[in-house]
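To start, the structure itself, in structure tokens.
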Amino acid sequence: MKIIRTIQEMKAYIKSLQNERKQIGFVATMGYFHEGHLTLMESAKRENDAVIASVFVNPLQFGPNEDFDTYPRDEERDIQLARETGVDALFMPSAEEIYPQRPSITLSITERTDVLCGKSRPGHFDGVLTVLTKLFHIIEPNKVYFGMKDAQQTAVVDALIQDLNFPVELRGIETVREVDGLAKSSRNVYLSEKEREEAVWLYRALEKGRVLVADGETSPVTIINEVKQTITDNTNGKIDYVELYRYPDLKAVSKLNGQVVLAVAVHFNKARLIDNIIFDETGKKLTSFTNR
Ligand code: PAJ
């Protein structure tokens, strides 16, 4: 596996792949790999000739009071896991390599962002889109892989690809969970033992909401209240939001009809956790997504 730290070296590598007519699958990450990341890489491996993954903790997408400095990092472990998963090249640029000077242009998203994490993390998705635009230009992937764990991010990437005409296929991959249902996340290491036990209630609460729908409930307010109550009853976490929107355009719904995302964000002492499920008005789950 190649470890590439500069844009120049990456471009030369991409050129060699393109000369060999190889299809490139790309997985963008901030590192500290867990099975969620590795599943994206495995999917990319199955569907492409070459897999490139990036590890870059993007300063632009963290707010002033967020965890940029303490975000977990472990380069050696990431290199080993990527190698074992069959990644062909791991891109690990420095912040100076990606942002050599103050940008003269900023991207700003206007749709799909005034809700969920976009609302509670102002500027976050602008930072995500800026780094992804750069990475897509550097790597020129044929297919890109994103997790449904971050359903809003995947919806925002879908908008980026549509709006800016990136010739890229988007693949949204099912959320990988612990045995008890907790969505795998790099931030789970911040949970105390007690919080780790409570955290499973995020998924259980979402499932309760979905079962209500399967039983005929069509009112978003009733579903949201059930999820909120379940989380409040079973955890000491502070709810940031519980919301329900149409997916992937994230428009408000007054009565369930079609595909929706039910999503939560909960603050624990040192970690803010998110989770979601996507389903239709019959309660049938959607686990993956594509823009094709
Ligand atoms: P990061 O949080 O490292 O996540 C990288 C990718 O892994 C994202 O597409 C995310 O949705 C996916 N992922 C995380 N947990 C997952 C799980 N339990 N199951 C399946 N997929 C999971 O998301 C980012 O980094 C950044 O915002 C990035 C896109 C790299 C831009 O900086």
Side-chain angles (χ1 to χ4, degrees), residues 25-44 51-63 66-68 71-75 77-78 81-82 85 87 90-93 95 98-99 107 109 113 116-118 121 123-136 138-139 141 143-161 168 170-190 199-200 202-203 206 248 261 263 265 271-278 287-290:
F26 173 52
V27 179
T29 84
M30 299 202 297
Y32 210 73
F33 293 157
H34 52 69
E35 243 175 90
H37 300 118
L38 302 181
T39 299
L40 301 186
M41 295 171 203
E42 282 159 8
S43 303
V51 178
I52 300 178
S54 62
V55 173
F56 180 64
V57 184
N58 174 32
L60 227 57
Q61 68 186 75
F62 287 79
E66 294 183 1
D67 56 349
F68 175 70
Y71 194 82
R73 294 164 169 90
D74 191 339
E75 270 208 358
R77 187 172 158 273
D78 286 349
L81 288 170
T85 311
V87 167
L90 194 57
F91 187 40
M92 306 182 105
I98 295 294
Y99 303 117
L107 288 181
I109 175 150
T113 190
L116 306 170
C117 290
R121 302 182 71 184
H124 168 70
F125 285 117
D126 295 348
V128 169
L129 291 180
T130 302
V131 80
L132 289 178
T133 297
K134 289 167 79 82
L135 290 169
F136 288 1
I138 296 165
I139 292 166
K143 293 187 178 141
V144 293
Y145 295 79
F146 286 85
M148 295 314 291
K149 152 96 188 322
D150 301 281
Q152 186 174 22
Q153 176 167 272
T154 301
V156 160
V157 175
D158 176 52
L160 175 73
I161 291 172
V168 170
L170 169 62
R171 308 271 286 107
I173 305 293
E174 180 171 7
T175 303
V176 179
R177 300 180 178 281
E178 303 287 353
V179 183
D180 63 2
L182 173 66
K184 298 224 180 196
S185 164
S186 305
R187 291 186 170 102
N188 290 349
V189 295
Y190 295 141
V200 64
L202 271 66
Y203 183 57
L206 291 171
V261 60
R272 176 180 172 279
L273 300 188
I274 59 171
D275 201 353
N276 71 81
I277 48 179
I278 297 175
T287 50
S288 63
F289 178 80
T290 175

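As the structure lists them, so they are numbered: ligands from 1, and atoms in each ligand from 1.
Heavy atoms of Met148 found under 4.0 angstrom from ligand 1: none, in either backbone or side chain. By the criterion of a heavy-atom distance under 4.0 Å, both the backbone and the side chain of Val176 are placed next to ligand 1. Counting heavy atoms under 4.0 Å from ligand 1, residue Glu35 does not touch it at all. The part of Gln61 lying near ligand 1 is the side chain, judged by heavy-atom distances below 4.0 Å.
Atoms of ligand 1 lying under 4.0 Å from at least one heavy atom of Lys184, given by number and element, are 15 (N), 16 (C), 17 (C), 18 (N). Those atoms of ligand 1 that come under 4.0 Å of a heavy atom in Leu40, given as number and element, are 6 (C), 7 (O), 9 (O), 12 (C). Within the listing of ligand 1, atoms 14 (C), 15 (N), 16 (C) sit less than 4.0 angstrom from a heavy atom of His34.
Using a 3.5 Å distance cut-off with no hydrogens or angles, the side chains of Tyr71 and Asn58 do not pair a donor with an acceptor.
For Tyr145, no nitrogen or oxygen atom sits less than 3.5 Å from a nitrogen or oxygen atom of ligand 1, counting backbone and side chain alike.
Residues meeting the salt bridge (charged side-chain N to carboxylate O under 4.0 Å, His left out) test with Lys134, sequence neighbours left out: none.
The shortest heavy-atom distance from Glu174 to ligand 1 is under 4.0 Å.
Looking at Thr85, its side chain never comes within 3.5 Å of a backbone N or O of Val87 through a donor-acceptor pair. Looking at Thr287, its side chain never comes within 3.5 Å of a backbone N or O of Thr175 through a donor-acceptor pair.
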